Amino acid sequence: MARQIVSVVGGDELTSGTPYASVNPARPSQTVADVSLTDAAGFADACRAASAAQREWARVPAPVRGRVIASIGRLVEANTEALARLVTEEIGKPYAEALGEVREIVDTCDFFLGEGRRLYGQTIPSEMPDKSLFTFRVPVGVAAVVTAGNFPVAVPSWYLVPTLLCGNAVVWKPAEYAAASAHALYRLFAAAGLPGGVLNIVFADGEQTYAGLDRALGEGTVQKVGFTGSSAVGRLVGELCGRHLQAPCLELGGKNPMVVLPDADLDLAAEGALFSGFGTAGQRCTSLGTVIVHEDVHDAFLRRFADAVRGAKIGDPNGDVLYGPLLDQRFAERYEEYLGWIRPHHTVLPGPVGRIDGEGLYYHPVIVDGVRPDDRLFLEETFGPIVGVTTFSTLDEAIDLANRPGYGLSSSVYTSDPKAVFRFREGVSAGMVSVNNSTSGAEAHLPFGGNGKSGNGSRQSGMWVLDQFTRWQAMNWDYSGRLQKAQMDVAEIIPDLGFRL
């Protein structure tokens, strides 16, 4: 029997809606969950419920909210294998990677459980006597969080954990093709004792979500939007929020470059390119887009890279494989469009191209050598197991090539030259730089996010995300017993500026 998945608003299940089947991409004939999708009105109702619950949740002392986060972490840890197995079943992520994804939730909770005692403000000296100045972090209110399904439980935790810790209520709209994984995570959060309405989970398609978000923003029941997804949809979300004078937290796509300098360890670089280019079937926002390799070592690197890809295992995500199927039929269809961008001037390695024979949504890994700066394969995100390769002659040229697509999420450089590392770091537009490591691999206590087409400069993870889900409030307290006017009633000490030795 397939799982029955419904939205939960204000602690109550919404039993009616449009049916949707979440299927196993490794065996598309297997339905993992029957999902009931709500509409724009249902999304807006969830935002009203969150708004009604938020004020009382904000009154809960922050250290107590931190203990709730600690409980979430322990609950997730105790359910690691079950949650990871569900992620593997529903989106085809290899089980070892799914375990790592669940570990990321625990790490995020471990980091933030103490932040309830560290939501620090400042005491600031005033320019006038008998007056004190203070700053406070206050919750934004209600956050509407929309997440993708390639990391169906880890990335949502980057939003949900700090948002709830800061005293906000949340309406979370996960990807419908990862509904069972998301619902399981919701149940773990709820089991930690969150009051009804503080965390609401809503299943809806993109069109209804956008319409519901528009309605909620107009009603004033949403004060912050967090969105993880494609750059195209992120632009629409950003425009919608802008009309309501809000700045969303956007984490979007990437065309992440890896620069290989002449002194690089080529075996290590090939290993990094294999993992970041083809891990999760190239369906990470941090997946490697293009290897930008120095012309002197191009052939040697490409030989190693092609050999590594040729030897990689692809198949059942419950086994020891580099990657499993694509996430969903919609991504398989889109990936086949990307394969159509291959042109006669490209050299395709290491072998077959396209879908692998069999039941699941499995596709051959593809290296495309000879990509040019004006190729679509060079300029646009390709969400799937395909990596481009091009060459450069100078570091400045490599940096220009790395920045040319206009994304700015992750990047990597392989070299033993510290000067080259810091020149690359200074010149690249990416929000993250890895040295002698892959473009993939965030940690819970580092800022995560991108610039340009990859986002609006907002950051998830670590202490930096607190600036997304709190607002600074300033307070001045005058206990002089008289009206002191700033910049006017200020004592002045007159210097003798004409003094000379």
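Just so it is clear, the values below take in all heavy atoms, side chains as well, and ignore hydrogens, waters and symmetry mates. Owing to the predicted nature of the structure, the values given are computational and were not obtained by experimental measurement.
- Tested against V225, the residues V142, V171, V237 include a single side-chain contact (heavy atoms from CB on, under 4.5 Å) partner, V237.
- With F227 as the partner, the side-chain contact (heavy atoms from CB on, under 4.5 Å) test is satisfied by one option alone out of V145, N456, L252: L252.
- Side-chain contact between R3 and L86 is present, with at least one heavy-atom pair separated by less than 4.5 Å.
- No side-chain heavy atom of S458 sits under 4.5 Å from any side-chain heavy atom of W464.
- For the pair L164 and V161, the minimum side-chain heavy-atom distance is 4.5 Å or more.
- Counting only N and O atoms by type, the side chains of K224 and Q246 include no donor and acceptor under 3.5 Å apart.
- A distance of 11.5 Å separates CD1 of I91 from CG of L326, quoted to the nearest 0.5 Å.
- The pair D400-R404 does not count as a salt bridge, with every side-chain nitrogen at least 4.0 angstrom from each carboxylate oxygen.
- Note: F448 and W158 meet the aromatic proximity criterion, with ring centroids under 6.0 Å apart.
- Applying the side-chain hydrogen bond (donor to acceptor under 3.5 Å, both in side chains) test to T147 and every residue at least two apart in sequence or in another chain returns W172.
- The side-chain hydrogen bond (donor to acceptor under 3.5 Å, both in side chains) search around K419 returns none, not counting sequence neighbours.
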(request) Assess whether side-chain contact (heavy atoms from CB on, under 4.5 Å) is satisfied between F189 and I201, documenting all intermediate values. (result) CA-CA 11 Å; F189 272 67; I201 187 167; over 6 Å; no
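- With respect to R59 and E56, a salt bridge is recorded, a charged nitrogen being found less than 4.0 Å from a carboxylate O.
- Note on ring orientation: taking the six-membered ring where Trp is involved, the planes of Y177 and F331 are perpendicular (angle over 60°, cut-offs 30° and 60°).
- Look at E77 and R74 and you find a salt bridge, because one of the NZ, NE, NH1 or NH2 atoms lies within 4.0 Å of a carboxylate O, short of that distance.
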(message) Using the rule given for side-chain contact (heavy atoms from CB on, under 4.5 Å), can you reason through V421 versus T415, listing the C-alpha separation, both sets of side-chain angles and the distance that settles it, and then say yes or no?
(response) CA-CA 7 Å; V421 167; T415 181; 3.5 Å; yes
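- In summary, the side chains of T163 and N168 do not present any donor paired with an acceptor at a separation below 3.5 Å, with no hydrogens or angles considered.
- With rounding to the nearest 0.5 angstrom, the CG atom of D214 is 11.5 Å from the CG atom of L236.
- Residues K255 and E380 are not paired through a salt bridge, judged by the lack of any N-O separation under 4.0 Å between the basic side chain and the carboxylate.
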(request) Carefully, step by step, assess R334 and D328 under the rule salt bridge (charged side-chain N to carboxylate O under 4.0 Å, His left out). (result) CA-CA 10 Å; R334 198 173 303 163; D328 185 75; over 6 Å; no
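- Classified by interplanar angle (parallel below 30°, tilted 30° to 60°, perpendicular above 60°), the ring pair F469/Y159 is perpendicular.
- Note that SG of C249 and CD of Q460 are 4.0 Å apart. Values are rounded to the nearest 0.5 Å.
- F43 does not carry R215 over the face of its six-membered ring by the limits of under 6.0 Å from the centre and within 45° of the normal.
- Cation-pi contact between R284 and F275: present, with separation from the ring centre below 6.0 Å and deviation from the ring axis of at most 45°.
- At a threshold of 4.5 Å between non-hydrogen side-chain atoms, the residues I72 and I69 count as touching.
- Under the 4.5 Å side-chain criterion, counting only non-hydrogen atoms from C-beta, E127 is in contact with Q487.
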(request) Starting from the C-alpha separation in whole Å, work towards a yes-or-no answer on salt bridge (charged side-chain N to carboxylate O under 4.0 Å, His left out) for R118 and E115. (result) CA-CA 5 Å; R118 289 190 296 271; E115 288 302 306; 2.9 Å; yes
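- The distance from the NE2 atom of H183 to the CD atom of E90 is 11.5 Å, given to the nearest 0.5 Å.
- Salt-bridge check for R376 with E337: failed, with every basic side-chain N at 4.0 Å or more from each acidic carboxylate O.
- Atom CD of E176 and atom CZ of F203 lie 10.0 Å apart (nearest 0.5 Å).
- Contact of the L377 side chain with the I386 side chain is registered, since non-hydrogen atoms from C-beta on lie closer than 4.5 Å.
- A donor and an acceptor atom, one from each side chain of T135 and Q473, are nowhere located under 3.5 Å apart.
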(request) Run the numbers on Y407 and N451 for side-chain contact (heavy atoms from CB on, under 4.5 Å), then give the verdict. (result) CA-CA 7 Å; Y407 293 84; N451 312 309; over 6 Å; no
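- You'll find the side chain of Q468 stays beyond 4.5 Å of the side chain of R459, heavy atoms only.
- Put simply, CG on L379 and NZ on K453 are 7.0 Å apart, with the number rounded to the nearest 0.5 Å.
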